[in-house]
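Structure record follows, encoded as structure tokens.
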Amino acid sequence: MARFLVKRLLAAVLTLFAVSVLSFLMFFGLPRDPVTGMCPKNCNAERLERVRVELGLRDPLPEQYANYMKGIVVGRDLGSSQGGRCDAPCLGYSYVRSEAVTDTLARVLPVTLSIVIPAAVLWLVLGVGLGMISALRRGTVLDRVAIGFSLAGASMQLYFVGAVLLLVFTYNLRITPVPGYTSIFDNPVKWASGLVLAWVALAFLFSAIYARLSRAQMLETLSEDFVRTARAKGVPKRKVYGRHALRAAITPIVTIAGLDVGGALGGTVITETTFGLQGLGRTAVDAVKSGDLPTIMATVLISAFFIVVANIVVDFLYAAIDPRVRLR
């Protein structure tokens with residue numbers, strides 16, 4: 001276990017290092033002046049030059065990258081005009097927002113986490129549960145309803161489902177308030193009521209995919225030899241389906257769930273735009289529009305971090321779910 005953990009952590013560090021190098025070269029190594037997009041239109045030549053010096057853009061490219069990585073690991077001094085000392089992990093200073101990038105992320109990351117994590121729990125429980133029940137009741141009315149639900153969810157888009165939910169439940173029936181973010185530590189009820197429509201929209205679309213996948217996996221597993229052997233031995237159905245069939249069928253679902261959750265944590269752009277929430281996704285889009293390179297770099301690294309962590313978690317879940325998998 002320890003050896004596997006060390007290997008995966010080293011691989012994660014190398015992956016993030018490669019992402020940081022590529023994204024840095026892509027954004028800071030382009031043959032264009034990034035300061036023109038960051039600085040307001042009324043900036044004169046002297047102001048533009050001062051911004052270039054403060055951002056270190058006059059330094060050689062390897063030195064710029066080394067300073068950037070140093071800021072992430074141990075922090076760095078951004079100068080008095082950029083707020084002074086920036087503690088680790090320091091991801092630079094945004095002249096567009098006039099604040100350290102870490103302050104921006106500290107404000108928007110809780111929004112994205114509050115959207116994705118509860119929605120992921122809903123879509124996994126609903127989708128996997130519906131798919132498993134549908135497989136066990138194959139050919140019944142319940143199975144047909146589950147298939148219809150899956151097809152409906154797979155054929156719709158988030159912006160359409162979100163708009164319908166807003167129209168019906170917020171503006172017509174007035175059951176839910178206008179979506180917004182409130183910290184769960186300040187007011188849990190307001191936090192949930194402001195995000196419930198986003199959770200429902202994501203859960204409806206993603207659970208449809210998981211229902212189809214889990215149904216297909218469960219049907220395939222039920223025809224395996226070890227399931228037939230368990231039945232022939234007289235093992236109770238609950239144990240056959242729960243302990244044997246379900247554990248074998250859920251393994252590929254864990255892979256997709258890890259990638260979906262990791263990718264969603266990297267920024268749910270459409271969800272945040274549809275419901276008017278300022279999370280990591282919308283922040284990244286706004287940064288691209290305004291040419292805010294430090295914020296773009298930070299959102300890319302955060303997204304890569306979530307995906308890498310999700311893959312590590314998936315590997316450990318494999319071993320916990322399927323006894324045939326061994327960590328080496």
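Every heavy atom of this structure was used, including side-chain atoms; hydrogens, water molecules and symmetry mates were not.
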*Are more than 12 heavy atoms from other residues, nucleotides or ligands located less than 6.0 Å from atom CZ of Arg97?*
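For Arg97, atom CZ is crowded (more than 12 foreign heavy atoms under 6.0 Å).
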_With a 6.0 Å cut-off (strictly less than), is the heavy-atom count around CZ of Arg228, excluding the residue itself, greater than 12?_
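Enclosed.
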Between [Y] and [X], is there a side-chain heavy-atom distance shorter than 4.5 Å?
X      : Y      : answer
Val313 : Val261 : no
Phe169 : Val196 : no
Phe149 : Leu126 : yes
Val13  : Leu10  : no
Ser20  : Leu301 : yes
Arg8   : Asn311 : yes
Ser94  : Asp103 : no
Met69  : Phe24  : no

Treating Ile, Leu, Val, Met, Phe, Trp and Tyr as nodes and any side-chain heavy-atom pair under 4.5 angstrom as an edge, say whether [X] and [Y] lie in one connected cluster.
X      : Y      : answer
Leu213 : Leu151 : no
Phe17  : Val300 : yes
Ile209 : Ile133 : no
Leu195 : Leu173 : yes
Ile117 : Phe185 : yes

*Could you list who else is in Val141's hydrophobic cluster, with ILVMFWY side chains joined at under 4.5 Å, directly or through other members?*
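Val141 clusters with Val145.
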Out of curiosity, [X] [atom1] to [Y] [atom2], how far, rounded to the nearest 0.5 Å?
X      : Y      : atom1 : atom2 : answer
Leu165 : Ile175 : CG    : CD1   : 11.0 Å
Phe306 : Leu113 : CZ    : CG    : 5.0 Å
Thr104 : Glu99  : OG1   : CD    : 3.5 Å
Leu158 : Phe204 : CG    : CZ    : 11.0 Å
Thr283 : Ile296 : OG1   : CD1   : 12.0 Å
Ile302 : Leu16  : CD1   : CG    : 9.5 Å

_Please evaluate residues Ile270 and Gln157 with respect to the criterion side-chain contact (heavy atoms from CB on, under 4.5 Å), reporting the C-alpha separation (whole Å), side-chain torsions for both, the decisive distance (0.1 Å), and the verdict._
CA-CA 10 Å; Ile270 299 178; Gln157 297 296 325; over 6 Å; no
So, does [X] use its side chain to make a donor-acceptor pair with the main chain of [Y] at under 3.5 Å?
X      : Y      : result
Ser134 : Leu130 : no
Trp199 : Ser114 : yes
Thr268 : Ala264 : no

_Derivation of the side-chain contact (heavy atoms from CB on, under 4.5 Å) call for Val200 and Val161_ = CA-CA 9 Å; Val200 171; Val161 175; over 6 Å; no
*Run the side-chain contact (heavy atoms from CB on, under 4.5 Å) check on Ile115 and Tyr181 step by step: do they pass?*
CA-CA 9 Å; Ile115 295 172; Tyr181 175 74; over 6 Å; no
So which atom in [X] and which in [Y] form the shortest heavy-atom distance, rounded to 0.1 Å?
X      : Y      : value
Gly281 : Thr112 : N-OG1, 4.4 Å
Leu265 : Leu280 : O-CD2, 3.7 Å
Ala12  : Ile312 : CB-CD1, 3.9 Å
Gly127 : Ser214 : O-OG, 3.5 Å
Leu91  : Val101 : O-CG2, 3.6 Å
Val21  : Tyr65  : CG2-OH, 3.3 Å

*Before giving the answer on side-chain contact (heavy atoms from CB on, under 4.5 Å), spell out for Arg215 and Asp143 the whole-Å C-alpha distance, their side-chain angles and the decisive distance to 0.1 Å.*
CA-CA 9 Å; Arg215 179 182 183 274; Asp143 184 28; 2.8 Å; yes
